[in-house]
Chemist: 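Let me give you the structure first, and then I'll get to my questions.
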Amino acid sequence: MHTANKQAEVIPNLSGTTRSRRCFTSDFQCSGTVPVPFGQGRAMSGGADEDLFDNILLADERFRGEGFRDGFERGTRRGLQDGRRHGTSHGARLSSEISFYHGFAITWKCLLHHNTDERSRKRVKALESLLAVIQTVPLADPQSVELQDGTEKLRSKFRQVCSLLNVPMDFKEHFRSAEDMSF
Amino acid sequence: HQAALRLLGQGGGSSSSPATRLSAHPDSRCWFVAWSPNGTLLASCGGDKAIRIWGREGDSWVCKSVLEDGHQRTVRKVAWSPCGNYLASASFDATTCIWKKNNEGFESLTVLEGHENEVKCVAWAPSGNLLATCSRDKSVWIWEVDEEDEYECVTVLNSHTQDVKHVAWHPTRELLASASYDNNICIYKEEDDDWECRATLEGHTSTVWSLCFDATGQRMASCSDDRTVKIWKEYPSESGDTSWKCVCTLSGYHGRTVYDVSWCPLTGALATACGDDAVRVFREDVTSNPEEPVFSLVAQVTKAHNQDVNCASWNPKEAGILASCSDNGELAIWRFKED
């Protein structure tokens with residue numbers, strides 16, 4: 001729709017500042033941004049007409065803005081939920097691994113506690129060293145570098161202790177033989 | 001100066017050529033050769049899961065023993081204990097077997113387990129009390145031996161991010177170096193009763209296949225898939241620790257991956273085993289600055305074998321004797337002669 005009055009294409013700004021407007025894909029077939037100097041548009045129309053045009057012409061932008069804000073809030077909430085779930089599962093896995101090593105070391109230490117032979121003493125020493133590494137792992141801070149390094153060190157230490165105790169790291173053999181059993 | 005590398009026994013007056021090119025592991029690869037500490041025996045291992053012990057009889061080399069049934073898969077490397085009475089073998093079956101020498105040959109003493117997959121190397125410390133192994137599981141294990149031949153794992157080191165190809169001990173100190181598919185070399189030392197990685201040497205642009213120390217241990221040579229050999233020198237720092245810097249890179253000599261490097265403790269010559277089927281010998285120029293040494297290629301055999309050369313090893317007691325082995329299952333013994 002083309003208006004006969006050229007001035008109707010111009011966007012009045014009641015606050016008195018000049019501003020440019022994006023060109024909307026609309027029936028107006030606007031030719032581009034049109035800077036409006038103060039006062040120029042005012043003379044042509046009354047207050048009601050200005051609001052109407054404002055509402056129509058700025059509708060796209062307004063809805064976009066509202067939509068963005070709405071989506072951003074939802075996304076933030078969703079992200080919090082996802083992150084919390086991820087953190088819970090990751091934290092639980094790590095914590096259960098470290099707790100496993102802890103329980104393992106304490107149990108073996110109890111079992112070997114009263115042995116006085118050199119070999120058992122060496123094993124107890126290794127178990128104590130494993131417990132010491134567990135103490136140094138900073139579980140409170142998931143971002144810390146020490147957590148990563150400490151966990152690696154802990155895993156290596158656990159493997160060494162298993163070797164000393166002659167405990168197989170791999171339980172596949174046990175599972176396999178259990179499957180063979182039938183009654 | 002002139003130098004030549006020839007099959008041992010060739011170039012002499014006699015018409016018969018003594019057997020110094022041996023079909024050590026028929027129909028499979030010969031992966032590694034190692035001289036016994038007194039230089040009289042040569043151990044070879046290969047894809048046929050066996051280890052063979054070779055000795056000199058007159059002008060020829062004959063198989064003295066076969067160590068079979070010790071492993072379920074390829075034996076990748078073997079190492080003699082400093083006293084010469086034990087042999088350790090590293091296998092793709094994830095175990096390391098310790099063999100003890102007796103009157104008839106060798107018997108399997110114990111099997112070290114623990115690595116998750118293929119063991120790539122085993123090495124004895126010069127003290128004879130420690131053994132190092134490394135594996136595709138990215139870890140380096142150090143084992144301690146006691147008087148009763150009991151082996152215990154002292155530490156598991158996870159400093160590499162990929163397959164660890166080789167480990168070697170310093171000749172005089174309790175210091176270990178490892179080479180990896182992650183392009184780095186790690187140096188380990190014992191501190192406060194625990195072993196840790198003290199330095200990571202970067203520089204190679206591809207897998208580091210092997211490394212070795214010179215006679216004094218002040219320098220180390222490493223070889224890589226990047227077709228170069230690097231020479232590293234140790235520099236003490238104020239903190240009491242040491243750092244290793246690359247002081248020389250030999251590039252442009254090797255057509256393919258350099259699989260092994262060996263530094264002769266007697267002559268200082270450097271031998272390399274290459275994927276281009278050649279064996280090469282390098283010598284340090286006497287005039288060069290020790291901080292920036294220059295090495296020159298003094299001898300090579302371009303078709304030492306008709307497939308990849310996997311290993312090169314200098315005899316520790318007889319100067320100029322070099323053993324090599326190849327993917328075609330052969331092993332060869334060379335004499336390096338300088339004028």
Chemist: Is it the case that over 12 heavy atoms from other parts of the model lie below 6.0 angstrom from the CZ atom of A/R78?
Modeler: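 Not buried by this count: 12 neighbours or fewer within 6.0 Å.
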Chemist: Answer with side chain, backbone, both or neither: which region of B/E116 has an atom nearer than 4.5 Å to a non-hydrogen atom of chain A?
Modeler: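 When you check distances to chain A, atoms from both the backbone and side chain of B/E116 fall under 4.5 Å.
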Chemist: Is the closest basic N to carboxylate O distance between A/K125 and B/D193 below 4.0 Å?
Modeler: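 Salt bridge between A/K125 and B/D193, a charged N being under 4.0 Å from a carboxylate O: yes.
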Chemist: Going by residue number, which parts of residues 128-156 of chain A are within reach of chain B, meaning a heavy-atom gap below 4.5 Å?
Modeler: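 From residues 128-156 of chain A, the residues near chain B are A/S156.
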Chemist: Could you tell me if the side chain of A/R159 sits less than 4.5 Å from the side chain of B/D137, heavy atoms only?
Modeler: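 A side-chain contact under 4.5 Å exists here.
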Chemist: Near B/K189 NZ, under 6.0 Å, is it more than 12 heavy atoms from other residues, nucleotides or ligands?
Modeler: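 Yes - once you tally the heavy atoms of other residues, nucleotides and ligands closer than 6.0 Å, there are more than 12.
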Chemist: If you count heavy atoms of other groups shown closer than 6.0 angstrom to OH of B/Y181, is the number above 12?
Modeler: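 No, not enclosed.
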Chemist: Identify the residues of residues 155-177 of chain B whose heavy atoms come closer than 4.5 Å to a heavy atom of chain A, ordered by number, or report 'none'.
Modeler: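 Residues in range: B/T155, B/V156, B/N158.
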Chemist: To the closest 0.5 Å, what do you measure between CD (B/E144) and NZ (A/K122)?
Modeler: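 Going from CD on B/E144 over to NZ on A/K122, the span is 5.5 Å.
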Chemist: Keeping B/E152 on the side-chain end and A/L164 on the backbone end, is there a donor-acceptor pair under 3.5 Å?
Modeler: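 Checking the backbone N and O of A/L164 against the side chain of B/E152, no donor-acceptor pair under 3.5 Å is found.
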